[in-house]
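Scope of the values below: all heavy atoms of this structure, side chains included, with no hydrogens, waters or symmetry mates. Order of listing sets the numbers, starting from 1, for every ligand and every atom in it. In this text the structure is predicted, and so the values were computed from the model without any measurement.
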Amino acid sequence: MAELPERDFEVIVIGSGCAGAVAAYVAASAGKSVLVIERGNFAGAKNMTGGRIYSHSLKKVFPDFEQEAPLERKITHERIAMLNSDSEMTIDFTSPVLAEEGKDSYSVLRGPFDQWLAEKAESAGAEYIYGIAVEELLKDESGAVIGVRAGEDEISANVVILAEGCNPILSEKCLGNPRPKASQMAVGIKQVFELPASTIEDRFLCPEGEGAAMLFVGDCTHGSVGGGFLYTNKESISLGLVATISIAEDGSRNEVPVYQMLEDFKNHPAVAPIIRGGKLVEHSGHMVPEGGYNMVPQYVFDGCLVAGETAGLCMNMGYQVRGMDFAVASGQFAGEAAVAALDAGDTSAAGLASYKQKMEGSFVMKDLQTFSKWPHVMEEWDSMFNDYPTMVAEIFNAMFSVDGQPQQPLMKRMMPIVKKRGLFKLGGEVRKAVKAL
Ligand SMILES: Cc1cc2nc3c(=O)[nH]c(=O)nc-3n(C[C@H](O)[C@H](O)[C@H](O)COP(=O)(O)OP(=O)(O)OC[C@H]3O[C@@H](n4cnc5c(N)ncnc54)[C@H](O)[C@@H]3O)c2cc1C
């Protein structure tokens with residue numbers, strides 16, 4: 001086994017989000033000396049999610065997470081809503097399958113959740129520095145990463161795990177990875193409203209301790225690409241939206257600022273009654289990578305691994321948003337690969353290659369690849385955000401309104417509404433979307 005050069009730490013982790021904290025926990029649990037540098041004053045200070053975490057990857061690292069982690073509610077109710085300016089059509093689904101072990105998911109608030117993850121890493125032996133940002137990755141003459149510069153300090157390490165989140169500044173500046181395109185990024189905005197637990201359970205028809213996740217499409221983003229989200233926490237509701245920042249092919253862009261979209265969304269008749277009486281206790285904004293597989297950069301380098309959203313690991317499927325389960329799994333794989341490379345005395349890209357094998361052999365790269373066409377389909381599918389919600393409102397208005405006038409058969413009422421949008425166009429669009437999903 002080759003001798004590795006003496007460094008300040010065997011592993012330095014940049015960022016204590018889901019990916020970084022898990023990588024630190026795994027490496028420290030294997031007895032490696034680990035330093036985590038987190039620019040926030042505490043873990044989670046700067047992090048944001050909708051959000052709900054699918055538990056499968058968390059359970060692999062922390063088998064007892066359900067007893068230990070600050071989880072809000074087990075999500076057993078799924079709702080998908082289409083909004084017109086004054087109407088709502090919602091699919092509301094609940095099933096015991098959603099609560100089955102391995103398929104279960106939980107709403108979380110990133111402040112307490114990230115602090116719990118950091119505590120796990122610290123109790124496994126990782127050291128933490130808070131409140132300082134890494135500004136540069138240090139390299140040797142061959143270009144291998146050998147440490148970091150944070151403020152005045154230069155700290156060396158055999159392996160650096162870069163988990164700086166969705167704005168990959170160090171990845172771009174020091175590793176030469178491309179800056180994500182505007183079309184691959186969206187902006188998220190969220191508010192949290194406090195409400196009594198029983199009010200939340202009544203409003204969502206949930207048993208005690210269980211909760212709902214809700215995704216919205218249509219008027220919440222004023223018809224531009226994106227959507228709204230709502231997650232029930234123990235005693236609060238997380239409400240927000242994600243909207244594109246890209247300019248349409250015809251050069252147009254939605255001129256409504258995202259904070260105004262959120263104000264209008266809160267006043268929508270489908271949303272206002274849900275948050276009625278809630279006390280606003282938190283407001284946050286964050287970018288979201290939405291490019292999927294096509295924005296995954298190089299993530300194994302000599303002396304360095306890239307994990308979580310810095311590696312582009314996030315999927316917004318419209319009916320499902322995933323980033324945290326990818327971040328946790330990639331953090332685990334990065335931690336394990338760092339340990340294996342240190343044990344083998346080879347921290348070059350070749351020595352760290354097991355990270356790539358684990359990523360490619362798991363759901364992480366497989367899911368991103370399977371749905372690689374979806375971000376592009378969604379980006380171009382204008383009618384999903386404009387025409388469809390209006391069409392759905394017209395269909396259901398025609399179906400449910402009774403005004404005493406002699407009624408036409410249902411099909412005769414529906415067909416003009418659907419034909420207005422072009423039957424073939426509609427069929428083609430739906431076929432294309434279904435193929436990408
Ligand atoms: C509006 C919104 C809704 C979402 N909803 C969901 C959802 O419901 N479910 C889901 O699974 N995912 C969701 N996501 C995505 C999910 O939040 C991310 O995929 C996940 O947080 C990524 O984890 P990460 O560890 O890669 O990055 P982060 O959690 O962002 O952590 C990065 C960390 O690095 C630190 N950092 C950055 N730069 C430096 C530096 N130079 N030096 C030191 N520290 C640094 C940051 O402070 C931060 O703590 C959502 C995201 C948004 C924005």
Side-chain angles (χ1 to χ4, degrees), residues 12-24 35-58 72 75 105-111 113-115 117-118 128-137 148-151 160-174 185-191 213-215 226-231 238-243 258 262 284-290 299 306-317 319-332 334 364:
I12 289 181
V13 178
I14 303 172
S16 189
C18 300
V22 169
L35 174 68
V36 183
I37 305 178
E38 165 55 50
R39 68 178 171 160
N41 288 333
F42 55 89
K46 295 188 176 283
N47 299 347
M48 175 183 169
T49 199
R52 145 247 304 261
I53 184 163
Y54 292 94
S55 75
H56 59 99
S57 49
L58 197 60
E72 293 294 321
I75 301 298
S105 66
Y106 300 83
S107 51
V108 290
L109 292 165
R110 290 298 294 275
F113 187 69
D114 286 18
Q115 284 171 61
L117 282 176
Y128 262 74
I129 300 178
Y130 288 108
I132 185 157
V134 171
E135 283 152 34
E136 198 185 342
L137 303 182
V148 303
R149 188 169 61 76
V160 171
I161 298 176
L162 179 57
E164 61 180 332
C166 68
N167 193 6
I169 295 173
L170 294 169
S171 176
E172 185 191 350
K173 184 172 119 183
C174 307
M185 298 299 285
V187 63
I189 183 169
K190 171 178 139 176
Q191 293 185 341
M214 197 164 176
L215 294 173
F229 60 83
L230 185 157
Y231 296 93
S238 298
L239 178 79
L241 45 89
V242 171
V258 70
L262 183 61
S284 53
H286 208 279
M287 298 304 290
V288 196
E290 295 206 318
Y299 53 87
V306 180
E309 277 192 347
T310 316
L313 310 179
C314 193
M315 276 183 12
N316 181 354
M317 304 294 293
Y319 61 94
Q320 208 177 60
V321 182
R322 292 172 64 190
M324 287 187 281
D325 59 330
F326 287 99
V328 168
S330 69
Q332 180 195 344
V364 175

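Here the shortest heavy-atom pairing between M324 and R52 reads CE-O, 3.4 Å. For the pair L117 and C18, the tightest heavy-atom approach, listed with the atom from each and the gap, is CD1-CA, 3.8 Å.
Closest to atom 38 (N) of ligand 1 among all protein heavy atoms lies E164 CB, 3.6 Å.
For ligand 1, the polar-atom distance check finds an N/O of G323 within less than 3.5 Å of one of the ligand's N/O atoms. Among the atoms of T49, some N or O lies under 3.5 angstrom from an N or O of ligand 1. Distances between N or O atoms of I53 and those of ligand 1 include no value under 3.5 Å. The N/O atoms of C314, backbone and side chain alike, include none that comes under 3.5 Å of an N/O atom in ligand 1.
Residue contact check for ligand 1: C18 places a non-hydrogen atom closer than 4.0 Å to it. Contact analysis leaves F326 out of contact with ligand 1, as no non-hydrogen atom separation drops below 4.0 angstrom. Residue contact check for ligand 1: C166 places no non-hydrogen atom closer than 4.0 Å to it.
Within the 4.0 Å heavy-atom criterion, neither part of E135 lies near ligand 1. If you look at E38 next to ligand 1, the close heavy atoms, those under 4.0 Å, come from the backbone and the side chain alike. Using a 4.0 Å cut-off between heavy atoms, N47 contacts ligand 1 through its side chain alone, with no backbone atom that close. At a heavy-atom distance under 4.0 Å, no atom of Y54 approaches ligand 1.
Between atom 53 (C) of ligand 1 and the options T310, V288, N41, V187, the minimum heavy-atom separation is to V288. When the heavy atoms of A19, A311, G165 are ranked by distance to atom 27 (O) of ligand 1, first place goes to G165. Between atom 23 (O) of ligand 1 and the options A327, G131, S238, S284, the minimum heavy-atom separation is to A327. With R39, K190, E309 as candidates, the residue nearest to atom 18 (C) of ligand 1 on a non-hydrogen basis is E309.
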